[in-house]
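Working notes, structure below.
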Amino acid sequence: MTLALAGSLSAQTYTVFIHGKSGSNHNGVGTTDVNNYWGSSTNSVSGSKIFIGYDGTTDPRTYGSSRAQTNVTTGLTNYCKNGKSCKIVCHSAGCYAIEYWLSNLGGTASSKGFSITKVTALAAASGGSELASALNGITFGFGGNAMDKALIVGTARGAFNHNNTGSIGVYHVPGYKGMIGASLILPGEDDYAVAYHSSCGYNRTGGLSKCQSSLTQSEGIWPFNSNQTYVQYSGHYRAPSVAASGLYLNHSEIKAEGYR
């Protein structure tokens with residue numbers, strides 16, 4: 001009993017934050033939010049916090065110095081194994097990074113020695129953004145950095161098996177506070193950066209206004225319209241504390257919802 005009690009007291013639980021697209025280099029793994037990507041938004045989360053940062057202009061699928069995959073591996077190995085457990089909070093392309101990492105583990109997270117309770121996905125961009133696709137199109141492929149190119153809708157959706165989450169639940173928190181201009185390009189509800197098909201983890205693109213496990217809606221002009229059904233990828237869910245309509249928050253404001 002003494003040994004069991006000592007073990008429980010020594011266990012440590014962390015909330016691990018993984019940021020998204022940025023014009024800055026947030027490289028680092030530890031208790032410091034390098035170059036202040038998250039600001040005061042993490043105040044909604046209690047307990048010990050760890051920040052995984054990288055160069056926000058780079059492809060979130062890549063390894064190397066200041067790269068997302070290398071630092072995710074380092075961070076989760078240091079803080080989510082050997083008696084330590086963690087909850088992951090990702091924002092935007094940070095969700096792309098962690099979902100890619102989980103899909104390529106080669107097994108479940110627990111079978112690889114990781115103790116990860118869940119992923120809270122804030123405005124997930126793992127399904128890509130039509131804004132990145134539009135930028136690529138109007139510049140004939142010459143515009144944008146490596147992050148922008150990774151966020152092209154077809155690229156993001158074809159980058160990995162989104163149904164494989166390493167048996168970790170990914171809980172989505174979408175926002176619908178859009179912005180004139182961006183919302184003309186993004187289909188359905190959006191937060192001015194990503195549309196619901198991405199921020200809710202749906203298995204295909206479409207103009208969607210609800211975030212739920214399955215959604216059927218009529219599309220097209222009568223009498224040529226037809227019912228189309230969208231489902232969330234396996235292992236993806238709406239966060240239980242969020243209504244199907246989502247939150248009236250924009251892409252930046254939603255960073256404060258990590259407590260969900």
Side-chain angles (χ1 to χ4, degrees), residues 15-26 32-47 49-54 56-57 60 68 87-99 118-132 134-135 147-148 150-151 153 156 169-202 207-212 232 236-260:
T15 300
V16 177
F17 292 86
I18 306 175
H19 68 79
K21 172 180 161 66
S22 172
S24 299
N25 189 341
H26 305 277
T32 300
D33 177 14
V34 177
N35 281 327
N36 201 37
Y37 178 90
W38 293 92
S40 62
S41 64
T42 63
N43 291 345
S44 66
V45 178
S46 60
K49 304 168 191 177
I50 298 299
F51 299 92
I52 294 177
Y54 55 96
T57 68
K87 165 193 166 181
I88 297 170
V89 175
C90 60
H91 178 240
S92 191
C95 301
Y96 192 163
I98 184 58
E99 288 180 42
K118 68 175 181 177
V119 174
T120 296
L122 307 175
S126 38
S129 171
E130 283 74 11
L131 299 182
L135 173 63
M147 174 67 83
D148 294 317
L151 288 170
V153 173
V170 179
Y171 293 87
H172 291 271
V173 182
Y176 63 90
K177 189 176 180 180
M179 182 172 62
I180 294 175
S183 293
L184 293 175
I185 298 172
L186 294 161
E189 294 291 1
D190 69 88
D191 59 15
Y192 81 60
V194 292
Y196 269 28
H197 72 77
S198 179
S199 59
C200 289
Y202 280 108
L208 306 167
S209 61
K210 299 292 183 183
C211 186
Q212 52 199 41
Q232 288 178 306
H236 292 252
Y237 316 91
R238 183 183 75 245
S241 59
V242 177
S245 57
L247 303 176
Y248 185 61
L249 297 171
N250 66 33
H251 197 67
S252 179
E253 292 169 343
I254 211 162
K255 289 191 291 185
E257 302 298 307
Y259 67 93
R260 295 182 183 270

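Please read these numbers as outputs of a predicted model, since none were measured by experiment.
Side-chain contact between Val242 and Pro174 is present, with heavy atoms from C-beta onward closer than 4.5 Å.
Between the Tyr196 side chain and the Pro187 main chain, no donor and acceptor come within less than 3.5 Å of each other. For the pair Ser129 (side chain) and Ala193 (backbone), a donor-acceptor distance under 3.5 Å is present. Between the side chain of Lys49 and the backbone N or O of Thr42 there is at least one donor-acceptor pair closer than 3.5 Å. Using a distance-only test at 3.5 Å, with no hydrogens or angles considered, no donor-acceptor pair links the side chain of Ser24 to the main chain of His26. Of the possible polar contacts, none joining the Gln212 side chain to the Arg238 backbone as a donor-acceptor pair under 3.5 Å is found. No donor-acceptor distance shorter than 3.5 angstrom exists from the side chain of Tyr96 to the backbone of Gly20, with no hydrogens or angles considered. Listed for the Ser198 side chain is a donor-acceptor partner under 3.5 Å among the backbone atoms of Ala124.
Here the closest heavy-atom approach between residue Ile88 and residue Ile98 is recorded as CD1-CD1, 3.8 Å. Contact between Asp191 and Ala123 at its shortest, heavy atoms only, is OD2-CB, 3.2 Å. Here the closest heavy-atom approach between residue Asp33 and residue Gly39 is recorded as OD2-N, 3.5 Å. In this structure, Ser245 and Lys210 approach most closely via the heavy-atom pair CB-NZ, 4.2 Å. The minimum heavy-atom distance linking Gly56 with His19 is given by the pair CA-CE1, 4.3 Å. Trp38 and Leu122 get closest at one heavy-atom pair: CZ3-CD1, 4.4 Å.
Cation-pi geometry between Lys255 and Tyr37 is met: under 6.0 angstrom from the ring centre, within 45 degrees of the axis.
The NZ atom of Lys118 sits 4.5 Å away from atom NZ of Lys87, with the distance rounded to the nearest 0.5 Å. If you take CG on Asn250 and CG on Asp190, they are separated by 10.5 Å, rounding to the nearest 0.5 Å. Summarising the geometry, atom CG belonging to Leu186 is positioned 9.5 Å from atom CE belonging to Met179; distances are rounded to the nearest 0.5 Å. To the nearest 0.5 Å, atom OG of residue Ser41 and atom CD1 of residue Ile254 are 11.5 Å apart. Of the inter-residue distances, the one linking Ser209 atom OG with Tyr176 atom OH reads 11.0 Å to the nearest 0.5 angstrom. Taking CD1 of Ile18 as the reference point, atom CD1 of Ile52 lies at 4.5 Å (rounded to 0.5 Å).
For Lys177, the side chain to side chain donor-acceptor pair (under 3.5 Å) criterion is met by Glu253, not counting sequence neighbours.
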Inset, instruction - Check the pair Cys90 / Val119 against side chain to side chain contact (heavy atoms under 4.5 Å, CB included), numbers first and verdict last. - result: CA-CA 7 Å; Cys90 60; Val119 174; 3.8 Å; yes
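Classified by interplanar angle (parallel below 30°, tilted 30° to 60°, perpendicular above 60°), the ring pair His236/His172 is parallel.
Side chains of Arg260 and Thr120: no donor on one and acceptor on the other come within 3.5 Å.
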